[in-house]
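Residue numbers run from 1 in the order of the sequence given.
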Amino acid sequence: MEYILIIHNHGSEAGASVPHPHSQMFAIPLIPPDVSRSIKGSQRYFYENKHCVHCDMIHWDLKEKKRIIFENKCFVALNPYASKVSFETRIYPKIHESMFEVIDIEQRQYLAETMQFVFSKFNKNLKNPDYNMVIHTSPPKLSATRHYHWHVEILPRIGIWGGLELGAGIDVVKIPPEEAAKILKK
């Protein structure tokens, strides 16, 4: 086992094979390509700058406040600069943690509060869209690495991929993240 992938599918457009919202955990024999790219990028940034790229992004977003949806003592929810889909939302712990599985009871409560806020805004402002949620955590063999920052990615399924997206692998985002944050904060 190289990686533990935790997902949640909500709705048929999210690929839910079961007719109700559900979560799954997979122990897989490889690190998924998306996670591998993220780990390698965060490692490269760390060695060049001596600190975590995600921590720097969080700090910058908290200062700018343009893409922040919600924050509390332990977590921040934001629409990332380079979103994959319109209204993509990420939840990061404010302190550097590489592994989701080590969060304590207080952090769990603040994460629940953050997720409750985000999903209430999805329900209210996006009319309860189908979505995929993934928890990205450091692979077990890397354990508490200094360069990787665990996070939650929530990808609403409100658009349809066309030929450009499928044929070229280019993500087309119709709502800029700054606008998405304004809509979700309402």
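With rounding to the nearest 0.5 Å, the separation of OG in Ser86 from CZ in Arg157 is 12.5 Å. Between the CZ atom of Phe87 and the OG1 atom of Thr89 there is a distance of 9.0 Å, given to the nearest 0.5 Å. The distance from atom SG of Cys74 to atom CG of Asp104, rounded to the nearest 0.5 Å, is 7.5 Å. The distance from the NZ atom of Lys182 to the CZ atom of Arg67 is 12.0 Å, given to the nearest 0.5 Å. If you take CG on Asn79 and CD1 on Ile154, they are separated by 10.0 Å, rounding to the nearest 0.5 Å. Atom NE2 of His59 sits about 7.0 Å away from atom NZ of Lys63, to the nearest 0.5 Å.
A donor-acceptor contact under 3.5 angstrom links the side chains of His96 and His149, judged on distance only. For the 3.5 Å distance criterion, the side chains of Asn132 and His10 fail to qualify, holding no donor opposite an acceptor.
Just one residue in the list Met115, Arg108, Glu113 forms a side chain to side chain contact (heavy atoms under 4.5 Å, CB included) with Leu111, and that residue is Met115.
No more than 12 heavy-atom neighbours from other residues, nucleotides or ligands sit within 6.0 angstrom of CD on Gln116. Residue-environment remark: NZ (Lys174) stays at or below the threshold of 12 foreign heavy atoms within 6.0 Å.
Between Tyr148 and His54, the ring planes are perpendicular. Angles over 60° get that label, and only those under 30° would be called parallel. Between Phe75 and Trp150, the two ring planes are perpendicular [angle over 60°; tilted spans 30° to 60°]. The aromatic rings of His51 and Tyr45 sit perpendicular to each other, their planes meeting at more than 60°, with 30° as the lower class boundary.
Taken together through direct or relayed side-chain contacts under 4.5 Å among Ile, Leu, Val, Met, Phe, Trp and Tyr, Ile7 and Tyr3 form part of one hydrophobic cluster. In this structure, Ile69 is a member of the same hydrophobic cluster as Met133, with clusters built from ILVMFWY side-chain heavy atoms closer than 4.5 Å. Residues Ile158 and Val118 are members of one and the same hydrophobic cluster, defined by side-chain heavy-atom contacts under 4.5 angstrom among Ile, Leu, Val, Met, Phe, Trp and Tyr.
Between Pro140 and Glu2, the closest heavy-atom pair is CD-O, 3.4 Å. Taking each heavy atom of Tyr110 and Asn72 in turn, the nearest pair found is O-ND2, 3.0 Å. The heavy-atom pair separating Ile68 from Asp61 by the smallest distance is CG1-O, 3.5 Å. Listed here is the closest heavy atom pair of His147 and Phe46: CB-CB, 3.4 Å.
The main-chain N or O of Glu13 is found under 3.5 Å from a side-chain atom of Asp130 such that the two form a donor-acceptor pair.
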> Taking it one step at a time, do Lys65 and Glu71 satisfy side chain to side chain contact (heavy atoms under 4.5 Å, CB included)?
Replying inline: CA-CA 11 Å; Lys65 302 258 185 238; Glu71 72 174 295; 3.3 Å; yes
> Does the side-chain hydrogen bond (donor to acceptor under 3.5 Å, both in side chains) test come out yes or no for Arg90 and Tyr92, once each step is laid out?
Replying inline: CA-CA 6 Å; Arg90 292 191 185 177; Tyr92 290 98; 3.3 Å; yes
> Given the rule in the side chain to side chain contact (heavy atoms under 4.5 Å, CB included) test, do Glu153 and His136 qualify, once you have shown the distances and angles that lead to the verdict?
Replying inline: CA-CA 8 Å; Glu153 292 183 8; His136 286 289; 3.4 Å; yes
> So Gln24 and Asn9, side chain to side chain contact (heavy atoms under 4.5 Å, CB included) or not? Walk me through it.
Replying inline: CA-CA 8 Å; Gln24 294 173 295; Asn9 294 331; 4.2 Å; yes
> What's the verdict on side chain to side chain contact (heavy atoms under 4.5 Å, CB included) for Ile6 and Phe100, showing C-alpha distance, side-chain angles and the deciding distance?
Replying inline: CA-CA 10 Å; Ile6 303 168; Phe100 165 74; 4.1 Å; yes
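The stretch residues 37-60 participates, sequence neighbours left out, in these salt bridge (Lys or Arg N to Asp or Glu O under 4.0 Å) pairs: Asp34-Arg37.
Between Phe119 and Tyr131, a ring centre-to-centre spacing shorter than 6.0 Å is recorded.
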